[in-house]
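Just so you know, ligand 1 is whichever comes first in the structure, and atom 1 is the first atom listed for that ligand. Keep in mind that this is a model prediction, so the values were computed, not measured.
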Amino acid sequence: MTTLVAVQGDITAQTTDVIVNAANNAMRGGGGVDGAIHRAGGPEILRDCIARFPNGLATGDAGWTTGGALAARWVVHTVGPNHGAGQRDRGLLESCYRRSLEVAGELGARSVAFPLISAGVYAWPREEAITVAIDTIARTSTPVEEVRLVARDDSTHRKIASALRMSTSVRILQGVRELHRRGYHTLRVRPGVAPSGLYWRAVLIDDAHPDDHPIHYTSGDEARFAGGTVDAMSTPHEVAELIRGALPHLEATNDAPGYAAWFAGLLAATETEHDLPVAFAEYFDDTDGWEIGWGSGLRYPKPPR
Ligand code: APR
């Protein structure tokens, strides 16, 4: 079981087995995290970089060196795509997290601290850099038990913490999509915002058994959902099983492919916009459809009848 947490602080001060460096292809140090790690870890790290990476390191790849004078035993260096220089392949950024966890796992590391790769000098848009980090770490099978996403500045830390909180809501919607894929098309979702405007809510019902108790979720409950817990690391399968446990009469009827396709489109818009769907709220008018992000003005057509 791997946990993922947001930490505010200096990455060089993390007491994890591995600290991940946001390096460059040359692998001879630099600014930002790279500079901080070489300064705090001392010349041993650079000596190891030269010995182990005589030809540098490819973008998206990862490799380890000693942690030198750092509390961490190892540094796993990875090279993010340089958004500012036109390297916009999200797959390369995903690869940084996946390869770094692979290398850390091979070392036997149990805890890893990541900075937000490519989100500094390499100018990757911060919201997307955060989503890529969380979703890639969540999808990567690894023996690493604790993963930290470390941000030095308050604003980035708050955005990472908020994205982690929101990931419970996104994982719930992904669990619904998983069940639709398995043919449970009578599973319906009605998402909205609490009258206070502070919390996102979702009601999940079995349309074929309206007398069954629906599942109510509010983001005020954080990771508590349907008698279990859902967080960034939960898989769609795990969430689907919680939903099926709470809606015992749900059956795979395969009878509303149009609704399932509509919902898949809604979820895709949610994932692209990094914001949640709203079908009801105080003074909400859904004549133009549902909204992706309360107050965003971005509308998505209402569900088919
Ligand atoms: N601790 C935690 N986070 C930090 C620290 C630190 N000491 N220093 C910077 N950060 C944050 C930045 O604010 C940014 O959000 O880490 C993220 C990554 O920033 P960079 O270090 O600039 O890394 P990146 O954007 O991947 O650019 C890599 O910059 O430093 C050079 O040699 C490096 O050429 C490479 C490029």
Assess [X] for proximity to ligand 1: is some non-hydrogen atom of it under 4.0 Å away?
X    : value
D10  : yes
L116 : yes
S118 : yes

- Looking at F263, is R177 sitting on its ring face, NZ or CZ under 6.0 Å from the six-membered ring centre and within 45 degrees of the normal?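 Negative - R177 is either too far from the ring of F263 or too far off its axis.
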- Task: Taking the six-membered ring of W290 (Phe, Tyr or Trp), confirm whether the NZ or CZ of R299 is under 6.0 Å from its centre and within 45° of its axis.
- Result: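 Output no; distance or angle outside limits.
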Is there a polar contact between ligand 1 and [X], counting only N or O atoms under 3.5 Å apart?
X    : result
G35  : no
T156 : no
V121 : yes

Which ligand 1 atoms does [X] reach within 4.0 Å, using its non-hydrogen atoms?
X    : answer
G9   : 1 (N), 2 (C)
A22  : 23 (O), 26 (O), 28 (C), 33 (C)
A119 : 14 (C), 15 (O), 25 (O)
G32  : 8 (N), 21 (O), 30 (O)

- Would you call V18 and R73 a side-chain contact if the rule is heavy atoms closer than 4.5 Å?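 Not touching, per the 4.5 Å side-chain cut-off.
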- Note: E146-R110 ion pair, threshold 4.0 Å (strictly below):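 No, no charged N to carboxylate O under 4.0 Å.
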- Message: Assess whether a salt bridge exists between E222 and R165, defined as any Lys/Arg side-chain N lying under 4.0 Å from an Asp/Glu carboxylate O.
- Response: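 The answer is no: the pair does not qualify as a salt bridge.
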- What part of A23, side chain, backbone, both or neither, has a heavy atom within less than 4.0 angstrom of ligand 1?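 The part of A23 near ligand 1 is the backbone, not the side chain.
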For [atom], what's the nearest protein heavy atom and its distance?
atom                    : value
atom 5 (C) of ligand 1  : V33 CG2, 3.6 Å
atom 13 (O) of ligand 1 : D153 OD1, 4.2 Å
atom 31 (C) of ligand 1 : G31 N, 3.6 Å
atom 1 (N) of ligand 1  : I11 N, 3.0 Å
atom 32 (O) of ligand 1 : D34 OD2, 2.7 Å
atom 25 (O) of ligand 1 : G120 N, 2.7 Å

Under a 3.5 Å cutoff, is there a donor and acceptor pairing between the side chains of [X] and [Y]?
X    : Y    : value
D206 : H209 : yes
N25  : T59  : yes
S155 : R126 : yes

- Message: Let's go through E102 and R99 carefully: what are the C-alpha distance in whole Å and the side-chain angles of both, what is the deciding distance for salt bridge (charged side-chain N to carboxylate O under 4.0 Å, His left out) to 0.1 Å, and is it a yes or a no?
- Response: CA-CA 5 Å; E102 275 169 14; R99 279 290 298 134; 2.7 Å; yes
- Message: Would a single hydrophobic cluster contain both F114 and V33, if residues Ile, Leu, Val, Met, Phe, Trp and Tyr are joined by side-chain heavy-atom contacts under 4.5 Å?
- Response: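 No, because V33 and F114 fall into different hydrophobic clusters, even though each may have its own neighbours under 4.5 Å.
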- Task: Step by step, work out the salt bridge (charged side-chain N to carboxylate O under 4.0 Å, His left out) result for D135 and R171.
- Result: CA-CA 10 Å; D135 288 355; R171 294 289 180 268; 3.2 Å; yes
